[in-house]
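Each ligand, and each atom within it, is numbered from 1 in the order the structure gives.
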Amino acid sequence: MFYIHIATYYCIKLIKLMSIKSKIRTIKDFPKTGIMFRDVSTLFADPEGIRMLVDSFRREYELRKDIDLIVGIESRGFIVGSLIANALNKGFVMIRKPGKLPGKVISQSYALEYGEDSVEIHQDAFPKGTRVLIMDDLIATGGTVAAAISLVEQLGGIVSELAFIVDLPDLGGSRKLMDEGYKVFSLTEFEGE
Ligand code: AMP
């Protein structure tokens, strides 16, 4: 009987995750030729999609004792991060593109395919020793979240985990960060990128 319950639980979980994936639209050749853009705006626009998203992350993190705060990366990371902060009854801190935050900031640059970009966080965003869950919509090469990790750690934060709706495993970001010792969680994957 116990094993039937476990099997049912995992079957329901799998169906929900497949359903989340099916609500993410793919737009070919955006923002440039050759990119398959995984567009979570269709998931966010669907009330059932939002509910499944929140339920899935809540189930993953509600019993965790090592998360004090959610940090979200601009801009789709703000949507998923603040939903989950609310569901877990945690605070939410923004990592923003340059020049957007009004207070004193620290910055971290990171490499793009062509050139460089940077992200910023308020210097007083949280006290030293705060245990942080960093969230974004998607991990590809991992460059963006690596910059976010650096900002959190420069402020004395402890990165408990990195969480995404989508992982593109073939771009190697999640593997690289796991090899560096970070915990990485994603709800779904798109192979072949
Ligand atoms: P990366 O730094 O390479 O891990 O890229 C992650 C960031 O770029 C995230 O903030 C994503 O929103 C965005 N991104 C990268 N590749 C894609 C893609 N194929 N579809 C949608 N968003 C992407």
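At a heavy-atom distance under 4.0 Å, atoms from both the backbone and the side chain of Leu138 approach ligand 1. Residue-level proximity to ligand 1 for Met36 is carried by the backbone, the only part with a heavy atom below 4.0 angstrom.
At a threshold of 4.0 Å, the pair Arg59-Asp55 does not count as salt-bridged, since none of the basic side-chain nitrogens sits closer than that to a carboxylate oxygen. The existence of a salt bridge linking Lys176 and Asp179 is excluded, since no basic side-chain nitrogen approaches an acidic carboxylate oxygen closer than 4.0 Å. For Lys23 and Glu48, the salt-bridge test fails: no basic side-chain N is under 4.0 Å from an acidic carboxylate O.
Residue contact check: Asp136 has heavy atoms under 4.0 Å from atoms 9 (C), 10 (O) of ligand 1. Of all the atoms in ligand 1, the ones that sit under 4.0 Å from a non-hydrogen atom of Asp137 are 9 (C), 10 (O), 11 (C), 12 (O). Every atom of ligand 1 is numbered from 1 in the order shown, and the set under 4.0 Å from a heavy atom of Leu168 is 19 (N).
Applying the ring pair (Phe, Tyr, Trp, His ring centres under 6.0 Å) rule to Phe92 yields no partners; only residues at least two apart in sequence or on another chain are considered.
Note that Lys28 lies outside the cation-pi zone of Phe37, set by a 6.0 Å cut-off to the ring centre and a 45° limit from the axis.
By the 3.5 Å distance cut-off applied to N or O atoms, Ile139 is not counted among the residues near ligand 1. Residue-to-ligand polar distances place Arg38 within reach of ligand 1: an N/O pair is separated by less than 3.5 Å.
Nearest to atom 7 (C) of ligand 1 by heavy-atom distance, out of Ile35, Val166, Leu171, Thr144, is Thr144.
Legend: side-chain hydrogen bond (donor to acceptor under 3.5 Å, both in side chains) pairs involving residues 83-99, not counting sequence neighbours, sorted by first then second residue: Glu74-Arg96.
Residue contact check for ligand 1: Gly173 places no non-hydrogen atom closer than 4.0 Å to it.
For Asp39 (side chain) and Thr26 (main-chain N/O), no donor-acceptor pair under 3.5 Å exists by modelled atom type.
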